[in-house]
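If you're wondering where the values come from, they're calculated on a predicted model, not measured in any experiment. Counting starts at 1 for both ligands and their atoms, in listed order.
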Amino acid sequence: MFILVNLKAYDCNPVAVAAAAADVAEETGARIAVAPQAARISAVAATGVETWAQHVSPVEHGSHTGSTHAAAVERTGAVGTLLNHSENRQKLADIDASLNGAESEGLETVVCANNPDQIAAATALDPDAVAVEPPELIGGDESVATADPDIVTDAVEAAGSVDEGVDVFCGAGIATGEDVAAARDLGADGVLLASGVALADDPEAVLRDLVSPL
Ligand SMILES: O=C[C@H](O)COP(=O)(O)O
């Protein structure tokens, strides 16, 4: 199971979270990655943790002020990127262009989607993984794996019907090892989470709990 921690724009210390994640990953052998805001990728990567971007723009090099080019995040230490997060939706053509840009820079990719139909469409674009997240459960207290287990199993089936080689993650409300185990039991290959770690008083303790069933 891949534990992918998205720090969004939370008012947390990304380097402290990253250092804790690096320690827990090294001690346990669990795969944990941290996705900070673009401006903090370099500082997070310096901790040694696997570092991801939250987004890359669907642009070539050129006159695109305010964009985040895939090459820029790769050169500052990211090894992967989220795309089409529920809080940063893209048009289909833009997801495709962002994917192409990320892949040309050697970045691993996870395309997020709201539901199994979108998961099937995202899988057809051939990312490394897709992540199903019901928007109404994001940032909540109940894990998608217990609040809406069918959406996870349906997403696994939808992705598998298009391409068995694309991993399926789930996210929303995941904050404990029990949630991770439940997601795994539903067929997920990884989890995408944010508030459970970014807003925790003790992110390291949460990370240790998250990987405890693995
Ligand atoms: O990217 C992470 C997801 O949106 C889940 O967020 P959450 O763990 O705060 O529910």
Are R184 and E178 within salt-bridge range, i.e. N to O under 4.0 Å?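 No, R184 and E178 are not salt-bridged.
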
- [ ] Using only heavy-atom distances, determine whether the side chains of Q90 and S98 contain a donor-acceptor pair under 3.5 Å.
- [x]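 Q90 vs S98: donor-acceptor pair found between side chains.
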
Self-check item: Flag for H85-E133: side-chain donor and acceptor within less than 3.5 Å
Solution: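 Yes - a donor-acceptor pair under 3.5 Å links their side chains.
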
Q | N or O contact, H85 vs ligand 1, cut-off under 3.5 Å | A |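 Yes; at least one N/O pair falls below 3.5 Å.
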
Would S195 count as a polar contact of ligand 1, with the cut-off being nitrogen or oxygen pairs under 3.5 Å?
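By distance alone, the answer is yes.
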
For [X], atoms of ligand 1 separated by under 4.0 Å from a heavy atom:
X    : result
I138 : 4 (O), 6 (O), 10 (O)
E133 : 1 (O), 2 (C), 3 (C), 4 (O), 5 (C)
G173 : 7 (P), 8 (O), 10 (O)
G139 : 7 (P), 9 (O), 10 (O)

V15, V34: one ILVMFWY side-chain cluster at the under-4.5 Å cut-off?
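Different clusters.
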
Inset, instruction - Among all protein heavy atoms, pick out the one at the shortest distance from atom 8 (O) of ligand 1; state its residue, atom name and that distance to 0.1 Å. - result: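 Nearest protein contact, heavy atoms only, for atom 8 (O) of ligand 1 is A194 N, 2.8 Å.
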
**Prompt:** Starting from atom 6 (O) of ligand 1, which protein heavy atom do you reach first, and at what distance in Å?
**Reply:**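 That would be K8 NZ, 3.3 Å.
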
Heavy-atom check, side chain of V73 versus side chain of T51, under 4.5 Å: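 No. Closest side-chain heavy atoms not under 4.5 Å.
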
- Query: Using 30° and 60° as the class limits, which term best fits the ring planes of F169 and F2: parallel, tilted or perpendicular?
  - Reply: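 Ring orientation of F169 relative to F2: perpendicular.
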
